[in-house]
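Here the structure is laid out as structure tokens; the discussion comes afterwards.
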Amino acid sequence: MEMMFGELNASGYANNDMFYNAEFEGILAKMIACYKLIYVNNITLSNNENSIRDFILYNYLKKQWFKTEYGMTGYLFDPELPENTGRIDIRIMPVNPFINDEAYYVIECKRLSSKNVAGKSGLNSEYISEGICRFISEKYSTYYRTNGMIGFVIDPIDININVDSINNLLATDFSGTNTTQNLQYREIVVDFGFSYCSCHKVSEKSVILYHLMFDFSKNINCY
């Protein structure tokens with residue numbers, strides 16, 4: 001069921017937090033557009049997290065034609081930037097207006113597969129331990145109280161069932177994520193059914209993490 005901003009902000013978010021949630025959803029909609037271009041054009045991708053991320057960045061998000069056509073000229077997209085004790089997969093900095101050097105969104109990218117979906121050594125577990133937990137531990141900052149993750153699905157799976165598996169892991173093995181709402185569907189683009197958001201407590205603040213699941217199982221080069 002789609003959630004409204006009032007539900008997302010039930011913990012008392014101010015109006016400016018709602019604005020940044022809406023802004024970030026607009027950015028995520030353009031990332032979904034990148035995914036659709038890759039999928040429709042049957043582009044072959046390497047089975048490598050950084051390679052997939054870089055393809056999206058350097059063929060779309062950092063290209064002027066894409067930014068102009070999709071209304072993204074007010075943002076800078078940069079990969080692999082050091083922050084606190086980690087390295088950000090994608091930093092998204094609004095530049096119109098520019099606020100300060102710490103005012104940006106963060107996207108963490110992780111591969112997801114059909115193997116060991118309920119185990120501590122599977123990619124679902126890594127999605128949490130090396131993804132969600134980096135925001136909760138403040139290895140990555142959350143200036144706007146909202147950030148995101150992208151799951152690159154490399155095997156044919158039922159994505160909604162896999163999200164249920166991630167939620168089960170959050171409930172049983174990762175209580176340290178301080179999850180106040182597990183991954184729930186949230187519509188960002190009408191014809192894209194695999195966008196979700198979760199809520200977490202970070203240093204007494206409520207933080208929203210968005211999750212996009214990109215099915216690249218038909219695009220991955222297995223050789």
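Along the sequence shown, residues carry numbers from 1. Predicted model, so just to flag it, every value in this text is computed and none were measured.
Taking the side chain as every heavy atom from C-beta outward, Arg53 and Ile90 approach each other to under 4.5 Å. Within the 4.5 Å cutoff, side-chain heavy atoms of Leu212 are placed close to those of Ile188. Asn21 places a side-chain heavy atom less than 4.5 Å from the side chain of Tyr210. Counting only heavy atoms from C-beta outward, the side chains of Val189 and Leu28 never approach each other to under 4.5 Å. Contact of the Leu61 side chain with the Cys34 side chain is registered, since non-hydrogen atoms from C-beta on lie closer than 4.5 Å. Residues Ile27 and Tyr105 form a side-chain contact, since some pair of their non-hydrogen atoms from C-beta on lies under 4.5 Å apart. Taking the side chain as every heavy atom from C-beta outward, Ser206 and Arg145 never approach each other to under 4.5 Å. Two residues are said to be in side-chain contact when any heavy atoms from C-beta on lie closer than 4.5 Å; Ile107 and Met31 meet this criterion.
One finds the CZ atom of Phe216 at 12.0 Å from the CG atom of Asn47 (value rounded to the nearest 0.5 Å). Annotation: the span from Lys110 atom NZ to Glu49 atom CD amounts to 4.5 Å, rounded to 0.5 Å. If you take NE2 on His200 and CD on Gln181, they are separated by 8.5 Å, rounding to the nearest 0.5 Å. Expressed to the nearest 0.5 Å, how far CD1 of Ile132 lies from CD of Glu126 amounts to 12.5 Å. Separating the CG atom in Leu76 from the OH atom in Tyr104 is a distance of 13.0 Å, to the nearest 0.5 Å. In this structure, CG on Leu170 lies 4.5 Å from OG1 on Thr179, to the nearest 0.5 angstrom.
Scanning both residues, Met213 and Phe192, for their nearest heavy atoms gives O-CZ, 3.3 Å. Across every non-hydrogen atom of Leu57 and Pro79, the tightest pair is CD1-CB, 3.4 Å. Nearest heavy atoms, Leu169 versus Ser125: CD1-N, 3.8 Å. The nearest pair of heavy atoms linking Pro94 to Tyr75 is CA-CD2, 3.7 Å. Here the closest heavy-atom approach between residue Leu209 and residue Gly148 is recorded as CD2-N, 4.4 Å. Thr73 and Val95 make their closest contact through O-CG2, 4.3 Å (heavy atoms, listed as atom of the first residue, atom of the second, distance).
Residue Leu81 is not grouped with residue Met149 when hydrophobic side chains (ILVMFWY) are merged at heavy-atom distances under 4.5 angstrom, including chains of intermediate members. Under the 4.5 Å side-chain heavy-atom criterion for grouping Ile, Leu, Val, Met, Phe, Trp and Tyr, Ile32 is connected to Ile43 within one hydrophobic cluster. No continuous path of ILVMFWY side-chain contacts below 4.5 Å connects Val117 to Ile166, so the two sit in separate hydrophobic clusters. Residues Tyr35 and Ile52 share a single hydrophobic cluster, defined by chaining ILVMFWY side chains whose heavy atoms lie under 4.5 Å apart.
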- Before giving the answer on side chain to side chain contact (heavy atoms under 4.5 Å, CB included), spell out for Asn50 and Asp89 the whole-Å C-alpha distance, their side-chain angles and the decisive distance to 0.1 Å. CA-CA 8 Å; Asn50 291 340; Asp89 269 332; 4.1 Å; yes
- Task: Could you walk me through whether Asn147 and Tyr140 pass side chain to side chain contact (heavy atoms under 4.5 Å, CB included), step by step?
- Result: CA-CA 10 Å; Asn147 281 318; Tyr140 297 157; 5.6 Å; no
- Task: Assess whether side chain to side chain contact (heavy atoms under 4.5 Å, CB included) is satisfied between Lys63 and Tyr58, documenting all intermediate values.
- Result: CA-CA 7 Å; Lys63 289 291 189 183; Tyr58 292 106; 5.9 Å; no
- Query: Taking it one step at a time, do Met93 and Phe98 satisfy side chain to side chain contact (heavy atoms under 4.5 Å, CB included)?
  - Reply: CA-CA 8 Å; Met93 177 170 281; Phe98 174 80; 3.8 Å; yes
- Item | Criterion side-chain hydrogen bond (donor to acceptor under 3.5 Å, both in side chains) on Asn100 and Tyr143, from CA distance to verdict | CA-CA 11 Å; Asn100 63 57; Tyr143 184 90; 3.3 Å; yes
- Does the side-chain hydrogen bond (donor to acceptor under 3.5 Å, both in side chains) test come out yes or no for His211 and Ser198, once each step is laid out? CA-CA 8 Å; His211 307 262; Ser198 60; 2.9 Å; yes
- Message: Quick one, Ser121 with Asn116, criterion side-chain hydrogen bond (donor to acceptor under 3.5 Å, both in side chains). Give me CA distance, side-chain angles, the key distance, then yes/no.
- Response: CA-CA 7 Å; Ser121 62; Asn116 198 16; 2.7 Å; yes
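Applying the 6.0 Å contact sphere to NZ of Lys36 captures more than 12 heavy atoms from other residues, nucleotides or ligands.
Look at Arg134 and Glu130 and you find a salt bridge, because one of the NZ, NE, NH1 or NH2 atoms lies within 4.0 Å of a carboxylate O, short of that distance.
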Taking only distance into account, with no hydrogens and no angle test, what donor-acceptor pairs under 3.5 Å do side-chain atoms of residues 154-163 form with protein atoms, sequence neighbours excluded?
{"unit_1": "Asp155", "atom_1": "OD2", "unit_2": "Ser114", "atom_2": "N", "d": "3.0"}
{"unit_1": "Asp155", "atom_1": "OD2", "unit_2": "Ser114", "atom_2": "OG", "d": "3.1"}
{"unit_1": "Asp158", "atom_1": "OD1", "unit_2": "Asn160", "atom_2": "N", "d": "3.1"}
{"unit_1": "Asp158", "atom_1": "OD1", "unit_2": "Ile161", "atom_2": "N", "d": "3.1"}
{"unit_1": "Asn160", "atom_1": "OD1", "unit_2": "Tyr196", "atom_2": "OH", "d": "2.6"}
{"unit_1": "Asn162", "atom_1": "OD1", "unit_2": "Asn124", "atom_2": "ND2", "d": "2.9"}
{"unit_1": "Asn162", "atom_1": "ND2", "unit_2": "Asn124", "atom_2": "OD1", "d": "3.0"}

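No donor-acceptor pair under 3.5 Å is formed between the side chain of Thr68 and the backbone N or O of Trp65. Side chain of Thr180 to main chain of Cys199: a donor-acceptor pair is present (N/O by atom type, distance under 3.5 Å, no hydrogens or angles). Using a distance-only test at 3.5 Å, with no hydrogens or angles considered, a donor-acceptor pair links the side chain of Asn167 to the main chain of Leu183.
When only modelled atom types and interatomic distance are considered, Ser141 and Glu83 share a side-chain donor-acceptor pair under 3.5 Å. In this structure, a donor-acceptor pair under 3.5 Å is absent between the side chains of Asp215 and Tyr39. Looking only at atom types and distance, the side chain of Glu187 has no donor-acceptor partner in the side chain of Ser195 under 3.5 Å away. Side-chain polar atoms of Arg111 and Asn48 form no donor-acceptor pair below 3.5 angstrom. No hydrogens or angles considered: nothing links the side chains of Tyr144 and Glu23 as a donor-acceptor pair under 3.5 Å.
Here Tyr185 and Phe194 keep their ring centres 6.0 angstrom or further from each other.
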